[in-house]
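Have a look at the structure below before the remarks.
For ligands, and for the atoms within them, numbers begin at 1 and follow the listed sequence.
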Amino acid sequence: MQKKLAEVLEQAGVVPVLVIEKVEDALPLAEALVEGGLNVLEVTLRTEAALGAVEQIAKHLPDAHVGTGTVLNGDDLRRSVDAGASFMVSPGSTEQLLDAAAESDVPLLPGAANPSEVMRLLERGYRYQKFFPAEAAGGVPMLKSIGGPLAQVKFCPTGGIGPGNAADYLALSNVVCVGGSWMASAGLVREGNWAEITRLAKVASALK
Ligand code: 3PG
């Protein structure tokens, strides 16, 4: 199930983590990011507009891979699938969420923050995991250390990553891509500053 997701993450490099307050921002924002070279987009389920935004992007931007983030339980997972998400991301992993994901055709990137969590997900077959909250949970040194005994797991770290440290993460052999909100901050989206978002996306995309 994660095979499809693996291909998407391998070519992503940097995954914008988006908080979309207004559905009408979804398309111009996604277009600005795709124009900047970032086409794997995570729309967090933290706003009323999130699912509508995913629907719009999935329907109108075939060049983008749009998924949902902040997927906390089975309900979030089903709502994501109904909206047309092509993948789902969770900050952690619970039994309820993993049971629901096992029934779904849409792949999940579940979160882990330490070796035991990584191992539990590995027992369920998850070779691709989100490392969250990346900086607070030990950052690059922690991922390097995990990569010794658990080298078969590839991570997408997010949380506290920005232009200053993204390349350090991407240089690790167990990092497949990084996620972050820096190129599409709430302020830039609110202002509708799509040109600046494209510029920042280009810089981020060059890190691949
Ligand atoms: C999040 O949970 O919002 C993501 O991990 C992104 O974190 P960031 O805002 O620190 O990039």
**Study point:** Distance filter under 4.0 Å to G180 heavy atoms, resulting ligand 1 atoms
**Key:** 11 (O)
Check your understanding: Within the distance-only criterion (no hydrogens, no angle test), does the side chain of T47 pair as donor or acceptor with the backbone N or O of I20 below 3.5 angstrom?
Key -> yes
**Study point:** ligand 1 N/O within reach of W182 N/O, cut-off under 3.5 Å
**Key:** no
Point to revise | Salt-bridge contact R124-E95 (side-chain N to carboxylate O under 4.0 Å) | key: yes
Check your understanding: Is R79 salt-bridged to D82, going by a charged N under 4.0 Å from an acidic O?
Key -> no
Review point. Can G159 be said to touch ligand 1, with heavy atoms closer than 4.0 Å?
Key: yes
Practice item. Identify, for atom 5 (O) of ligand 1, the protein heavy atom at the shortest distance, and state residue, atom and that distance. Key: T158 OG1, 2.8 Å
Exercise for review: Indicate yes or no: does an N/O atom of G160 lie under 3.5 Å from an N/O atom of ligand 1?
Suggested key: yes
Review point. Taking the side chain from N193 and the backbone from E196, do they hold a donor-acceptor pair closer than 3.5 Å?
Key: yes
Review point. Does V153 share a hydrophobic cluster with L143, counting links as ILVMFWY side-chain heavy atoms below 4.5 Å and allowing steps through other members?
Key: yes
Check your understanding: Is atom NZ of K144 surrounded by more than 12 heavy atoms (other residues, nucleotides or ligands) closer than 6.0 Å?
Key -> no
Practice item. Record the part of M183 in heavy-atom contact with ligand 1 below 4.0 Å; permitted values are side chain, backbone, both and neither. Key: neither
Revision key, fill the gap. Of all protein heavy atoms, the one nearest atom 8 (P) of ligand 1 is S181 OG, 3.5 Å
Study note, to complete from the structure: atom 3 (O) of ligand 1: closest protein heavy atom, distance to 0.1 Å, is R46 NH2, 3.0 Å
Check your understanding: Do the side-chain N and O atoms of K130 and T158 include a donor-acceptor pair separated by under 3.5 angstrom?
Key -> yes
Review point. Which heavy atom of the protein is the closest neighbour of atom 4 (C) of ligand 1, given with residue, atom name and distance?
Key: V17 CG1, 3.8 Å
